[in-house]
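A short write-up of the structure that comes next.
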2 protein chains.
Amino acid sequence: MKTLRLTSGDRAILLHSRFFSRLARATVEAILADTTVSTHEEHDVLFREQERIDEVFFVLSGLVRLYRLGKDGREADVAVFQRGDMFGVNAMFLNHRATANAQAAEPSIVARVESRRLSQLAAEETDVAQALLEVVCHHGKMTEDCLADDRLLTAPQRVANYILSHCPNGSETFSFRLPFQKNVLAGKLGLAPEALSRAFSMLRPSGVVVKGRVIEIRNRQALEEF
Amino acid sequence: MKTLRLTSGDRAILLHSRFFSRLARATVEAILADTTVSTHEEHDVLFREQERIDEVFFVLSGLVRLYRLGKDGREADVAVFQRGDMFGVNAMFLNHRATANAQAAEPSIVARVESRRLSQLAAEETDVAQALLEVVCHHGKMTEDCLADDRLLTAPQRVANYILSHCPNGSETFSFRLPFQKNVLAGKLGLAPEALSRAFSMLRPSGVVVKGRVIEIRNRQALEEF
DNA sequence: GAAGTTGTTTGATCAAGGTCAATTTCCGGC
DNA sequence: GCCGGAAATTGACCTTGATCAAACAACTTC
């Protein structure tokens, strides 16, 4: 892990993020005043479950996954964060304890902000507290969506939903490129990689064609009815 | 649904809740100034997924479950709230849209606070915003715990964990009474009621004895090793 | 272009849990 | 204590997805 400073490109990414986008420029500058940047190889662990963490994190590039470990060594992803996403913020309000392990799923660059600084600013400005609440509620909704999908849907249905969530409205046919490896998508959807492959195969008759990372949909309605 | 005012007993329940317990008395009074109370029969729906809600809710007695509906009519619980618990608060920060359906799982009494009032107070006092953040992060952790448990553990393991979380530290044998019907616990653990029954049966050799709602544990260590 | 490595797909098998039905147990009212 | 209704348990069967293995495809390095 190397420690650097923010570039102007990094700043632009952060300014467009969910957390920063609604904050006044002066507030943003105050938060980012001592931000550090770290680079991580794939598989690097940023923090572990139950560990004390005193920073909040933003993905500047790459991919970070949060996962829990079972007693048998198995891992279950509970969230995946891409460029611009904030993570680790809930620890500020949970006795500074991480609720999961964080690992770079690809080579990644991560910005870190001291949570003490963020707390002080949140105590001084309600906009900061409000922005934190929005991020934390958004994360909560994502987790709740996963839980409900796991409990209500089959693997092909979950994959169909994922595909449809990436489809522009009104398009009957479309294609998009997965922003990460298929085994990362499998983890995100709570599936083994083999099960994800099988799910894509089951969707083939409904017009889904897989070409490496590119997913092509030829019949949106068939997918919606899956 | 009948609409009433808070009793002093209701106030006591609220004052001990996670949200109110850290707030100054004057702040609490300001929040509770126009609180209403509603009573609900079992199966009453308080709000539906995607519905606009302009209140936050507290359980004064009974039980409220949040659930999502599948296309086939099946339901998946995503949270269960007991006396003192706050719920529906995340909607304040998610465009006032409920993320799940809320239903009384038993005859219940629920306090309602206008979320506009709460927003104003949160904007004026950082303690209120901080208390909201703690509640929302706690809810998020509960959901993440469920997701991880579903993905990592078998049904008997989930039941064993639930039992152990209700066991006083240091007790080798103990018993407790479930605060709700077994079918509610099944929903909470993401199981069909039959699967819960089977899980209890599988735990019998590990010293778990079920007598109606009373669960008796005869060998804590066996349970921990399950 | 070849070789090696990693990621993905497919096959076979098995375990876990859902579903439906029948039976038993528990609980509340009288 | 009895009775009726609801909840819970148990049995049988089926579906889904995990696991392990083998084969194939894609990507990177030389």
Side-chain angles (χ1 to χ4, degrees), chain A residues 41-43 63 65 70-77 105-107 146-160 177-205 208-216 226, chain B residues 41-43 63 65 70-77 105-107 146-160 177-205 208-216 226:
Chain A
E41 300 290 321
E42 185 178 359
H43 306 312
L63 201 62
R65 57 186 275 260
K71 285 176 179 174
D72 56 358
R74 282 170 60 239
E75 304 180 356
D77 285 0
E106 292 177 1
C146 282
L147 180 65
D149 285 352
D150 280 10
R151 289 180 171 183
L152 286 170
L153 303 176
T154 62
Q157 288 175 324
R158 275 181 258 163
V159 175
R177 181 183 164 85
L178 284 175
F180 33 60
Q181 287 184 348
K182 293 227 193 81
N183 62 22
V184 171
L185 177 59
K188 193 176 158 69
L189 298 180
L191 298 168
E194 296 97 328
L196 178 67
S197 273
R198 285 189 235 283
F200 273 120
S201 291
M202 288 176 194
L203 291 173
R204 194 175 290 138
V208 174
V209 176
V210 175
K211 295 170 179 168
R213 287 200 188 189
V214 175
I215 313 297
E216 185 184 327
F226 206 88
Chain B
E41 301 289 319
E42 185 179 359
H43 306 310
L63 202 61
R65 57 186 277 259
K71 287 176 177 174
D72 56 358
R74 283 169 63 238
E75 304 179 355
D77 286 1
E106 291 177 1
C146 283
L147 180 64
D149 284 353
D150 280 10
R151 289 182 171 182
L152 286 170
L153 302 175
T154 63
Q157 287 173 325
R158 275 182 259 164
V159 175
R177 183 184 163 85
L178 284 175
F180 33 60
Q181 286 184 348
K182 292 226 193 80
N183 62 22
V184 172
L185 177 59
K188 192 174 159 71
L189 299 180
L191 298 168
E194 296 95 331
L196 178 69
S197 274
R198 287 188 234 282
F200 273 119
S201 291
M202 289 175 192
L203 291 173
R204 198 175 290 138
V208 174
V209 175
V210 174
K211 295 170 178 168
R213 286 202 190 186
V214 175
I215 313 297
E216 185 182 325
F226 205 91

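Labels below follow one simple rule: chain letters A, B, ... track the order of the sequence lines, proteins then strands, and each chain is numbered from 1.
- One can place CG of B/Asp150 at 18 Å from P of D/dT16, the figure rounded to the nearest angstrom.
- Across the protein-nucleic acid pair, B/Asp72 atom CG and D/dT16 atom P stand 12 Å apart, rounded to whole Å.
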Could you list the donor-acceptor pairs under 3.5 angstrom formed between side-chain atoms of residues 180-195 of chain A and any protein atom two or more places apart in sequence or on another chain?
from     : atom 1 : to       : atom 2 : distance (Å)
A/Gln181 : OE1    : A/Asn183 : ND2    : 3.3
A/Lys182 : NZ     : A/Gly212 : O      : 3.3

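- As rounded to whole Å, 15 Å separates atom P of D/dA8 from atom CZ of B/Arg204.
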side-chain contact (heavy atoms from CB on, under 4.5 Å), that's the test. Do B/Val159 and B/Phe226 meet it? Break it down for me. CA-CA 10 Å; B/Val159 175; B/Phe226 205 91; over 6 Å; no

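- Closest heavy-atom contact between B/Leu152 and A/Ala76: CG-CB, 3.6 Å.
- By the neighbour-count criterion of 12 heavy atoms within 6.0 Å, atom CD of B/Glu41 is sparsely surrounded, having that number or fewer from other residues, nucleotides or ligands.
- Of all the heavy atoms in A/Leu203 and A/Ala160, the pair that sits closest is CD1-N, 3.9 Å.
- With a cutoff of under 4.0 Å to any heavy atom of chain A, the contacted region of DNA chain C is bounded 5' to 3' by C/dG7 to C/dA12.
- When all heavy atoms of A/Arg65 and A/Ala105 are compared, the closest pair comes out as CD-CB, 4.1 Å.
- In this structure, the side chain to side chain contact (heavy atoms under 4.5 Å, CB included) partners of B/Leu153, at least two apart in sequence or on a different chain, are B/Asp149, B/Gln157, B/Arg158, B/Asn161.
- Among the atoms of the strands shown, none is found under 4.0 Å from any heavy atom of A/Arg151.
- We find that NZ of B/Lys211 is positioned 17 Å from C1' of D/dT9, with the value rounded to whole Å.
- Going from atom CG of A/Asp149 over to atom P of D/dG17 covers 12 Å, rounded to whole Å.
- Nucleic acid contact for A/Arg213: none, since no nucleic acid atom lies under 4.0 Å from a heavy atom of the residue.
- Remark: B/Glu216 CD is packed, more than 12 non-hydrogen atoms of other residues, nucleotides or ligands lying under 6.0 Å away.
- For the pair B/Arg151 (side chain) and A/Asp150 (backbone), a donor-acceptor distance under 3.5 Å is absent.
- The distance between atom CD of B/Gln181 and atom C1' of D/dT9, rounded to the nearest whole Å, is 15 Å.
- Comparing the start and finish of the helix from C/dG1-D/dC30 to C/dC30-D/dG1, five pairs each, the helix axis swings through 50°, to the nearest 10 degrees.
- Contacts with DNA chain C (heavy atom under 4.0 Å) in residues 188-198 of chain B: B/Gly190, B/Leu191, B/Ala192, B/Glu194, B/Ala195, B/Arg198, listed by number.
- Evaluation of the salt bridge (charged side-chain N to carboxylate O under 4.0 Å, His left out) rule for A/Lys71 yields no partner, not counting sequence neighbours.
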